[in-house]
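Presented below is the structure to which this report refers.
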2 protein chains.
Amino acid sequence: MGHTMREVAKRAGVSPATVSRVLNKTRYISVETQRRVLEVVRQLKYFKNVHARRLATGRSDLFGLVISEIANPYFPEVIRGFQAAAWDRGFDVILCNTQYDQARTKSILRKLIESDVRGVAVMTSSIDKATASELIDAGIGVVFCNVGPAGKLVSTISIDYQRGIEQAIEHIVGLGHRRAAVIAGPGDNRTAITIKDALVAGLKKRNLNPFPVINSNYRVDAGASAVRAMLSTTDKPTAIFCGSDLIALGAMSALEEAGAGIPEDISVIGIDDISFAFLARPPLTTIRVPRERVGTTAFEALDRMLKLKRRKGADYYLETELVVRRSTATAR
Amino acid sequence: MGHTMREVAKRAGVSPATVSRVLNKTRYISVETQRRVLEVVRQLKYFKNVHARRLATGRSDLFGLVISEIANPYFPEVIRGFQAAAWDRGFDVILCNTQYDQARTKSILRKLIESDVRGVAVMTSSIDKATASELIDAGIGVVFCNVGPAGKLVSTISIDYQRGIEQAIEHIVGLGHRRAAVIAGPGDNRTAITIKDALVAGLKKRNLNPFPVINSNYRVDAGASAVRAMLSTTDKPTAIFCGSDLIALGAMSALEEAGAGIPEDISVIGIDDISFAFLARPPLTTIRVPRERVGTTAFEALDRMLKLKRRKGADYYLETELVVRRSTATAR
DNA sequence: CACAGTGTGGAAAGCGCTTTCCTAACAGTG
DNA sequence: CACTGTTAGGAAAGCGCTTTCCACACTGTG
């Protein structure tokens, strides 16, 4: 469709090599020749072909970012962070949603390998160890973000929920609550389990033996149905810890429907601090996860790992912290 | 890094051509030969190189999707729709955020051309006609989604806000409201202007002369400050039309802070029906934009246009409809 | 038996770039 | 003046695939 370098070279009266060198500034070319070449490039509206370039250089400037579902409000900031970090260093990113679908995930992985990406950041638990090793075998750097197995050759980003959860429980205990419930995320999700365990352990440590944990999924209506189930029992909690902000928002809407006041009757705490958390009514008290930094850190982890001659994974930890808003108050 | 087709061919005792044909099912190859080739492919964990392929075939299987900001909740479903449609037909998509930055937009455009994408869907108003024509000159299909100029060689997707807005105004009038305000989106945004004009015209037609329109931006706190300004005047509206759900959510939170009941004192209506609209409290009455269909339609528009030998843009219209929830009620 | 048709596979010419050598011209040095 | 260096640029060999053209071996037909 477009023009080729050879055409540009001919019109400028130079060799393709020279054109390449001018365009990539890869060697000094006399000012006059440069001018001629650039002039022709402008006239012809020439753009170099990235596929040919990648083939010739033998290395790609691509990174993959694998998430589960783009509509999940957890991801946008992560994506932004990752992309920004990659762009800053002249790399491009291929964004892939698994949509929680195994077959699709397989085919995504294949595409990433075929695209010869340098590294991929995996943000979804739907990739298992075997699948990941395909990447590693292909010489591709891998970083798992709060999912999946650590390993000699993969880096990991771990979100330390511990601290935020500690703060949250202290906050709630300090407000005089004695009966707390936990609505956890899906039972097959590593992050959800970690959070649930931390919550339960923390509550037990302070002798607030938690209500039976309710597992839900991350869909927006999951929190709602969990709450409806909870309210149908006689013994009601005065505080609810939710495995994500989405669950918390669902819970809040069900609580309101049931006529329970937040925070007068029941306090609600979420996790993530998605952008809507502070727009909720009342604004949601939540444990903030530094999502944009998850993205940038993931990229940097890859970048660093790939620079090592003897490749070796590293582990990164990111802190969480409690953000107190108005969905929590003294127990009545 | 990986193996090449030649290596596979040698180990399987065939020619590279045969390997290519087996892998792409591009010609019948005897079952026995196929088996041998595939066996070697498995042994070697061979993956074909997509850059070489694209270079050899001379056409790419890539489409570009240009949005402004991935954290804007309007986009995720659009992206999902576009990606899904592309994947279904074996194409890949390059997702680009302009972040409202001109320089960045320039460089994105260049990258898309260099990547030899077949078409690009533009969902942000930060690309002007001149820039778009660079794409067209490069033989790339272009579709504008509710932004930018129509033209001989570009297709457009237009969201028909008219109908939804009609319904919304009727709804509000039917509830007995006589004093309505409009908080519009940014004044330099084509969509925002369209919506504002339609709202104002509709209100005037029914003799509800609207309050002075307040322009805001799409940031989440814009609605809030608009409301604060509005409430400081003596004459208060009983209904507020917001240029987007985000603005509406901001408005609601400011109204609550100011002690105004929704919907008892003031009804609020948004536009978009983002996924959080129904989680708001009260759940937001809003004009739904079929976002996923915007994405799929955009892709189909490109696909169709590119199939024409004599390329020619077409225009597509997508309907909106009112979704009544609980943020609107009879005027008091 | 000659011939066309068909089914299976190989040879080789690119695709549009990058990059390694080379070369020619010129300047600087002892 | 012979030499070494340096500087600006060209020739050409790929990068790893696809695809056209060709060839060979069969089969079936008149």
Side-chain angles (χ1 to χ4, degrees), chain A residues 1-38 40-41 44-62 90 110-111 113-118 138-139, chain B residues 1-38 40-41 44-62 90 110-111 113-118 138-139:
Chain A
M1 196 105 297
H3 301 274
T4 74
M5 204 169 227
R6 188 145 48 230
E7 294 173 312
V8 174
K10 184 144 51 153
R11 306 252 302 214
V14 298
S15 75
T18 303
V19 177
S20 170
R21 299 202 261 244
V22 168
L23 260 28
N24 299 309
K25 305 192 205 315
T26 164
R27 226 172 68 183
Y28 179 74
I29 296 291
S30 77
V31 192
E32 165 56 15
T33 309
Q34 274 192 47
R35 204 196 48 68
R36 277 215 318 280
V37 169
L38 292 176
V40 174
V41 164
L44 256 38
K45 295 175 201 282
Y46 166 77
F47 288 87
K48 57 186 195 288
N49 181 315
V50 76
H51 308 304
R53 167 174 238 280
R54 295 209 252 250
L55 181 57
T57 59
R59 69 195 116 81
S60 85
D61 43 2
L62 258 24
R110 162 172 296 275
K111 282 213 168 166
I113 299 179
E114 291 179 353
S115 301
D116 193 25
V117 294
R118 294 199 177 182
Chain B
M1 198 105 294
H3 301 276
T4 74
M5 204 169 227
R6 187 146 48 231
E7 294 172 314
V8 174
K10 185 146 50 160
R11 306 253 301 215
V14 298
S15 76
T18 303
V19 176
S20 170
R21 299 202 262 245
V22 168
L23 259 28
N24 298 309
K25 304 190 205 318
T26 165
R27 225 170 73 182
Y28 180 74
I29 296 290
S30 77
V31 192
E32 165 56 15
T33 310
Q34 274 192 47
R35 204 197 48 67
R36 276 214 320 280
V37 170
L38 291 176
V40 175
V41 165
L44 255 40
K45 296 176 200 281
Y46 166 77
F47 288 87
K48 59 184 192 289
N49 180 315
V50 76
H51 307 304
R53 168 176 238 278
R54 296 208 251 249
L55 182 56
T57 59
R59 66 195 119 81
S60 84
D61 43 2
L62 256 25
R110 161 172 297 274
K111 282 213 170 165
I113 299 180
E114 290 178 355
S115 300
D116 194 26
V117 294
R118 294 198 177 184

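Letters A, B, ... mirror the listed sequences (proteins, then strands); counts begin at 1.
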Exercise. Are A/Ser15 and D/dG10 close enough that a side-chain N or O sits under 4.0 Å from OP1 or OP2?
Worked result: yes
### Message
Does any part of the side chain of B/His51, heavy atoms only, come nearer than 4.5 Å to the side chain of A/Leu62, both counted from C-beta?
### Response
yes
Heavy-atom closest pair (A/Ala138 atom, A/Ile113 atom, distance to 0.1 Å) is CB-CG2, 3.9 Å
Between A/Glu7 and A/Lys10, does any NZ, NE, NH1 or NH2 come within less than 4.0 Å of an OD or OE carboxylate oxygen? no
Using OP1 and OP2 only, check whether a side-chain N or O of A/Arg53 sits under 4.0 Å from C/dT18.
yes
TODO: Report yes if a side-chain nitrogen or oxygen of A/Arg59 is closer than 4.0 Å to either non-bridging phosphate oxygen (OP1 or OP2) of C/dT19; otherwise report no.
DONE: yes
Result for 5'-nearest mapping on DNA chain C, choosing between B/Val31 and B/Gly58, is B/Val31
Original post:
Taking C-beta and beyond as the side chain, do A/Val50 and B/Asp116 meet within less than 4.5 Å on heavy atoms?
Top reply: no
Looking at C/dG9, I'd like to know if its phosphate oxygens (OP1 or OP2) sit under 4.0 Å from a side-chain N or O belonging to B/Thr33.
yes
Note to self: With a 4.0 Å limit, can you tell me whether B/Ser30 has a side-chain N or O closer than that to the phosphate oxygens OP1/OP2 of C/dG9?
What the structure shows: yes
In numerical order, the residues of residues 19-29 of chain B whose heavy atoms come under 4.0 Å of DNA chain C are B/Arg21, B/Arg27, B/Tyr28, B/Ile29
Any A/Thr18 side-chain nitrogen or oxygen under 4.0 Å from OP1 or OP2 of D/dA8
no
message = Any base atoms under 4.0 Å from A/Val14, or only sugar-phosphate, or nothing? Heavy atoms, all strands.
response = sugar-phosphate
